[in-house]
Amino acid sequence: MSKKVRVRFAPSPTGGLHVGGVRTVLYNYLFAKKLGGQFIVRVEDTDQSRYVPGAEEYIFDCLRWCGLEPDESVQHGGPYGPYRQSERKTLYREYAAQLVAAGHAYYAFDTTAELEQMREKFRSTENPSPQYDHHLRLKMRNSLTLPAEEINKLLAAKTPHVIRIMMPVGKTVSFQDMIRGEVCFDTSLVDDKVLLKADGMPTYHLAVVVDDYLMKITHAFRGEEWLPSAPVHLLLWQYLFGWEEMPQWAHFPLLLGPSGKLSKRDGAKYGFPVFAMNWQDPKTGETTEGFREKGFLPSAFINLLALLGWNDGSEKEIFSKGELIASFDMARVHSSGAKFDYEKAKWFNHEWIKRTSASELLPLVSNTFGKANLQVTNVALLEQVITLVKDRCTLLTDFIEQGSFFFKRPTQIDTGSILPKWSVEKSTFFDQLIHYYQQTNSWTAAALEKICKELAQTHQLKTGELLLPLRIMLVGGKFGPGVFDIACLLGKDETLERLAQAKRLILQGV
RNA sequence: GGCCCGUUCGUCUAAGGGCUAGGACACCACCCUUUCACGGUGGUGAUACGGGUUCGAAUCCCGUACGGGCUACCA
């Protein structure tokens, strides 16, 4: 019997949650759910200088919207808390001390200025970013170069210092990535990463290993940008807990924008959302649009994200969350990056709107209308409208153009599209149409169409030339579903009033 | 610069040694529809390059090119 699967998503609460992050959550979630495991969210807030108020709450709101609820987290509790690294601060120092004692790490007293000096001094064309590595550590102020008494004195005086890992020279470390297979590194080429910062907080490198161990994480998944620091984590696992305890790793391919790793800037530049939900930066007040506010359905959002780097081997593209859980397989996740395509993203949403029932869409559309200052009281009518127009809505916001006129008379009538082809014959026709519609007792789309077409024939007019004006008279412009469906749903009184009103406007314009 | 990862239509991808390299988005044309969509039919369009291995390579190996990531007391 193997260990119970436990995976984690470890976001840093520094701003909006972008699609790459959501996909990482999604793959974690799918993997855990498929295997009956647990999905944990751990907040990595070890950098106090980057703390952004509200960001943590926002991340959980995004997960809730996506339907990717954690089993354990700051908000959900659990037996392995606290789930916020800042609250686990005291725990990390002893592990760091343990490493120093074993000779795998050392104290470094170099100030920021000294580090900068070092980089300045060794920077060259061949080496544009000098590393604090096995060459340079002997030239710096640390517990490897300083005499013992001075080290003790500095420590006793509480001199600010960090603890760095001492990377071995000339060793090869390797591991099996679930997606990429074996990946090897030469330890001589990796620098002595800081493990514990001067403020006592751990860096990501120490924290991720310690917490994954303490939280009994069995599978550690993250973006490909972490691959270069994997040797540090591998060594820490070996030194601290032994390789038998180490989770299995998988590094997900990156989500790319038009030029490299997808960024917030790409969204602004090319006009598509990058964050899951609207994010307002509390410092600048700047708001970045999210998929939710843009009009995406959560089902479509996770569907499109899942397919960016994974597929089930068949030609199936539309997957519900349940289907994703059932078919997800880490072995079928790609190793190459995927460029985000907003057109395809919209296609997914359109497909989901078409497939989602009107009753399920109802609260979402109602909410969308509300944001456009349109309060709907007739819920039954709204549901009928949704049924009628959802096939032509790509985003939830499209329901406004396609359906708001059912609840609000058009304030503008596009008479410009009617007048050039207006005629006395048409004028008479519409007068009579209004008359016949007044008389009829069967107010159905089919009946209204029949009346209209027969009357057109009597007047020797082409139906095609009448339908457009009729539409515009009812809705204000060239949009919406079938014109007789509109009239039918609008009801007799409202239809007749709109026709009469529009007729007056047209006559004014002639 | 160094290290790591990658490379099939413009984009997402299928094909894990063997048929004309399949699908989807987008695009184009036609049909349906006398708004716009939906739907239907068809079309344009790809194995980066060079070497191997093999009867046979998109697929395995090497090199080159190109792309991306990392190179902070950020994650």
Side-chain angles (χ1 to χ4, degrees), chain A residues 10-14 44-47 49-50 85 108 110-112 115-116 119 123-133 160-164 177 179-180 183-186 188-191 193-205 207-208 222-231 251 253-254 256 258-261 304 307-318 331 334-348 350-351 354 389-394 398 401-402 417 462-472 475 477-483:
Chain A
S12 183
T14 52
E44 308 234 339
D45 58 347
T46 54
D47 187 353
S49 68
R50 294 212 305 163
Q85 286 182 330
D110 317 279
T111 63
T112 319
L115 287 172
E116 190 37 50
R119 294 202 176 94
R123 199 179 336 257
S124 65
T125 328
E126 295 83 53
N127 186 9
S129 38
Q131 299 195 113
Y132 201 119
D133 61 8
H161 63 276
V162 302
I163 293 178
R164 285 178 183 272
D177 187 281
I179 295 169
R180 290 152 213 280
V183 184
C184 306
F185 302 89
D186 178 350
S188 307
L189 300 168
V190 182
D191 61 336
K193 293 275 185 234
V194 169
L195 302 178
L196 202 72
K197 300 187 263 189
D199 64 3
M201 280 287 191
T203 58
Y204 170 82
H205 306 295
V208 73
R222 71 227 303 196
E224 190 188 340
E225 70 268 29
W226 289 107
L227 211 37
S229 55
H251 291 84
L254 259 18
L256 274 11
S259 55
K261 194 159 83 162
L304 74 93
L307 273 281
L308 238 33
W310 170 87
N311 70 83
D312 76 341
S314 76
E315 281 169 4
K316 186 175 163 76
E317 294 198 274
I318 303 297
H334 293 186
S335 46
S336 52
K339 199 177 283 186
F340 178 75
D341 180 1
Y342 188 49
E343 292 307 317
K344 183 104 187 204
K346 285 192 288 192
W347 174 79
F348 273 107
H350 192 182
E351 289 301 310
K354 282 191 287 180
V389 306
K390 71 194 179 93
D391 280 6
R392 60 194 78 206
C393 294
T394 297
D398 292 339
E401 179 176 81
Q402 295 294 332
S417 297
K462 285 186 184 166
T463 331
E465 290 175 27
L466 300 167
L467 260 36
L468 189 64
L470 179 58
R471 159 182 305 283
I472 294 173
V475 311
K478 301 181 200 173
F479 47 79
V483 65

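When reading the values below, keep in mind they use all heavy atoms of this one structure, side chains included, and skip hydrogens, waters and symmetry mates. Note that the structure is predicted; figures quoted are calculated from it, not measured. Numbered from 1 within each chain, the chains take letters A, B, ... in sequence-line order.
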Gap between atoms [atom1] and [atom2], on [X] and [N] respectively (whole Å):
X: A/His205; N: B/rU71; atom1: NE2; atom2: P; answer: 8 Å
X: A/His350; N: B/rA24; atom1: NE2; atom2: C1'; answer: 15 Å
X: A/Asp177; N: B/rC70; atom1: CG; atom2: C1'; answer: 16 Å
X: A/Glu44; N: B/rC73; atom1: CD; atom2: C1'; answer: 16 Å
X: A/Trp226; N: B/rC3; atom1: CH2; atom2: P; answer: 22 Å
X: A/Leu307; N: B/rU11; atom1: CG; atom2: C1'; answer: 13 Å
X: A/Lys354; N: B/rC36; atom1: NZ; atom2: P; answer: 18 Å

Base [N] to side chain [X], donor-acceptor N/O within 3.5 Å cut-off:
X: A/Arg180; N: B/rC5; answer: no
X: A/Arg471; N: B/rU34; answer: no
X: A/Lys344; N: B/rA26; answer: no
X: A/Ser336; N: B/rU7; answer: no

Mark yes or no for whether A/Arg392, through its side chain, and A/Gly480, through its backbone, hold a donor-acceptor pair below 3.5 Å.
->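 Present.
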
Counting side-chain heavy atoms from C-beta on, which of [options] comes nearest to [X]?
X: A/Asn127; options: B/rC73, B/rG1, B/rC74; value: B/rG1
X: A/Glu315; options: B/rG68, B/rG23, B/rC74; value: B/rG23
X: A/Val194; options: B/rC73, B/rG2, B/rC25; value: B/rC73
X: A/Leu256; options: B/rC12, B/rG68, B/rU71; value: B/rG68
X: A/Val183; options: B/rA75, B/rC4, B/rC73; value: B/rC4
X: A/Thr203; options: B/rU13, B/rC36, B/rC74; value: B/rC74
X: A/Ser129; options: B/rG68, B/rA72, B/rC3; value: B/rA72

Can you tell me, in whole Å, how much space there is between the P of B/rG23 and that of B/rC32?
->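 My reading of the P atoms in B/rG23 and B/rC32 gives 25 Å.
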
P spacing across the pair B/rC27 / B/rU20, given as an integer number of angstrom |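 Looking at atom P only, B/rC27 and B/rU20 are 32 Å apart.
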
Considering only NZ, NE, NH1 and NH2 on the basic side and carboxylate oxygens on the acidic side, decide whether A/Lys339 and A/Asp341 come within less than 4.0 Å.
->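 Looking at A/Asp341 together with A/Lys339, the answer is no, because their closest N to O distance does not fall below 4.0 Å.
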
Lys/Arg N to Asp/Glu carboxylate O, A/Glu351 vs A/Lys346, below 4.0 Å |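 A salt bridge is absent here (no side-chain N lies under 4.0 Å from a carboxylate O).
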
If each of A/Asp199 and A/Thr125 is mapped to the nucleotide of RNA chain B with the nearest heavy atom, which maps nearer the 5' terminus, i.e. the 5' end?
->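 Whichever sits nearer the 5' end wins; that is A/Thr125.
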
How do A/Tyr204 and A/Pro128 order along RNA chain B: which one's closest nucleotide is nearer the 5' end?
->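 Result of the comparison: A/Pro128.
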
In Watson-Crick or G-U wobble terms, both distances under 3.5 Å, what is the partner of B/rU64?
->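 In the structure as shown, B/rU64 has B/rA48 as its Watson-Crick or wobble partner.
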
Partner residues of A/Asp45 under the side chain to side chain contact (heavy atoms under 4.5 Å, CB included) criterion, sequence neighbours left out =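 For A/Asp45 the side chain to side chain contact (heavy atoms under 4.5 Å, CB included) partners, ignoring immediate neighbours, are A/Pro13, A/Val43, A/Arg84, A/Gln85, A/Ser86.
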
Atom OG1 in A/Thr203, atom CG in A/Asp47: separation rounded to 0.5 Å?
->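 Here the interatomic distance stands at 10.5 Å.
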
Which part of the nucleic acid, if any, lies within contact of A/Glu224, taking any heavy atom under 4.0 Å across all strands shown: a base, the sugar-phosphate backbone alone, or nothing?
->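 Base contact.
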
Could you tell me whether A/Lys462 contacts a base, only the sugar-phosphate backbone, or nothing, with contacts defined as non-hydrogen atoms closer than 4.0 Å?
->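 A/Lys462: no heavy atom of the nucleic acid under 4.0 Å.
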
Side-chain H-bond candidate by donor/acceptor type, A/Arg180 with A/His251, under 3.5 Å =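 Judged by distance alone, the side chains do not pair up.
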
